[in-house]
2 protein chains.
Amino acid sequence: MKTGKRSAHHNQVGDHCSRWTVPREEIFNLLIQSQQHLSAKEAYAILNPSNPAIGLTTIYRTLDLLDRAGLVRRVNTGDGQVRFEYRRGHDSDHHHHLICTGCGKILNYRDFEKEELDLVRKTEDILAKKYGFLIREHNIEFLGLCPDCRPGGKNSPLK
Amino acid sequence: MKTGKRSAHHNQVGDHCSRWTVPREEIFNLLIQSQQHLSAKEAYAILNPSNPAIGLTTIYRTLDLLDRAGLVRRVNTGDGQVRFEYRRGHDSDHHHHLICTGCGKILNYRDFEKEELDLVRKTEDILAKKYGFLIREHNIEFLGLCPDCRPGGKNSPLK
DNA sequence: ATGATAATGATAATCATTATCATTAATAAA
DNA sequence: TTTATTAATGATAATGATTATCATTATCAT
């Protein structure tokens, strides 16, 4: 069986584990390729047909590993499952979420106004000074109804 | 046993239930008084000594009821328990969270700059137009290390 | 008071996530 | 390359939070 060592990533993950294995490679690749936020169960369902040897437990463990290594971001959608998304690490990948409370759909958006970025930075500064917090990250999410679920939409009870 | 009817709230909750009961009153009061974000378990632990007749199930149900009625806000701290906080409904109560990834402490902050409020509104507008979303709410959270957990702090491994 | 029914609480059931542990695979040493 | 060491895996059981069930109790309109 091929080793699948990936030195570029091995360096980043090195502090948290010592062996970059085939299951880890597969799981990580899936996250990189996926356009959606995947839960452990979902990742399992996708991988299982092609990689029936990879167990659900390993997926949980690997997602946690990747999160600790900072390669993946944990997203809390509030529906009882934790989801993960690949974190590209470039600012260009930074985005916020638009969550439909009707159907649970999640949209990423990254069309920030320049002011939005300034504001976040400024707010972080203020909070750091006022509360002594060392701010590492922020999440902004807007909740509402998507076109299908809003009144008049095809999923809406109010047509 | 006293009924504990509370007409002011009854009106708000009326769409979601028909009887304002003693357990609901107690649970709601606890949320109003508490300065912290409470999980069902925590609420149970606090209420139990004085109200041993109130079961955990009822607490789950009531918190959900209050949430659906908009009287309480669900907060996802990502530690596996859903927490709730009383939602005062005035704009003055609107706040964001400052979460310490070291010890899990949550700080509310509401010292917004006026620009921050303007910007959020503007962003909502833009997103509504661009994606057809009807935006009802937003959550902004900053994650980082509190004074105790940051390097040099008394909880930090780096002293 | 009484009848209709919503709310309750004890219990069991779910569902996501974690711990355990014997087995397997990956790396280092010979 | 074989082998020894040990990290990683996967099946399974365990946990912990939340939800469903259902017989009993409390509430409200009459």
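Only a predicted model underlies this, so the values are computations on that prediction, with no experimental measurement involved. Note on naming: letters A, B, ... go to the chains in the order of the sequence lines (proteins, then strands), and numbering restarts at 1 for each one.
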Closest to side chain of [X], choosing from [options]:
| X | options | result |
| --- | --- | --- |
| A/T21 | D/dA20, C/dA26, C/dT17 | C/dA26 |
| A/T57 | C/dG9, C/dT17, D/dA11 | D/dA11 |
| B/R24 | C/dG9, C/dA7, D/dG10 | C/dA7 |
| B/T58 | C/dT17, C/dT8, C/dA10 | C/dT8 |
| A/V22 | C/dT18, C/dA26, C/dT8 | C/dA26 |
| A/Y60 | C/dT17, D/dT9, D/dT18 | C/dT17 |

salt_bridge(B/E42, B/R83) N-O dist < 4.0 Å: yes

Presence of donor-acceptor pair under 3.5 Å, side chain of B/R19 and base of D/dT27: yes

[X] has an atom [atom1]; how far is it from atom [atom2] of [N], in whole Å?
| X | N | atom1 | atom2 | answer |
| --- | --- | --- | --- | --- |
| A/I59 | D/dA11 | CD1 | P | 11 Å |
| B/L63 | D/dA17 | CG | C1' | 13 Å |
| A/K41 | C/dT17 | NZ | P | 7 Å |
| B/L56 | C/dA13 | CG | C1' | 15 Å |
| A/E25 | C/dA25 | CD | P | 18 Å |
| A/Y44 | D/dT9 | OH | P | 15 Å |
| B/N48 | C/dA10 | CG | P | 10 Å |
| B/D64 | C/dA6 | CG | C1' | 16 Å |

Watson-Crick/G-U partner (both atom distances under 3.5 Å) of D/dT27: C/dA4

Any-strand Watson-Crick or G-U partner of C/dA26, both distances under 3.5 Å: D/dT5

Donor-acceptor pair, side chain of B/S50 and main chain of B/L47, under 3.5 angstrom: yes

Side chain B/T58, main chain B/I54, donor-acceptor under 3.5 Å: no

Given DNA chain C, 5'-ward residue of the pair A/A40 and A/R61, judged by closest heavy atom: A/A40

Donor-acceptor side-chain pairing of A/H37 and A/Q81 below 3.5 angstrom: no

Joint hydrophobic cluster, A/V72 plus A/V82, side-chain heavy atoms closer than 4.5 Å: yes

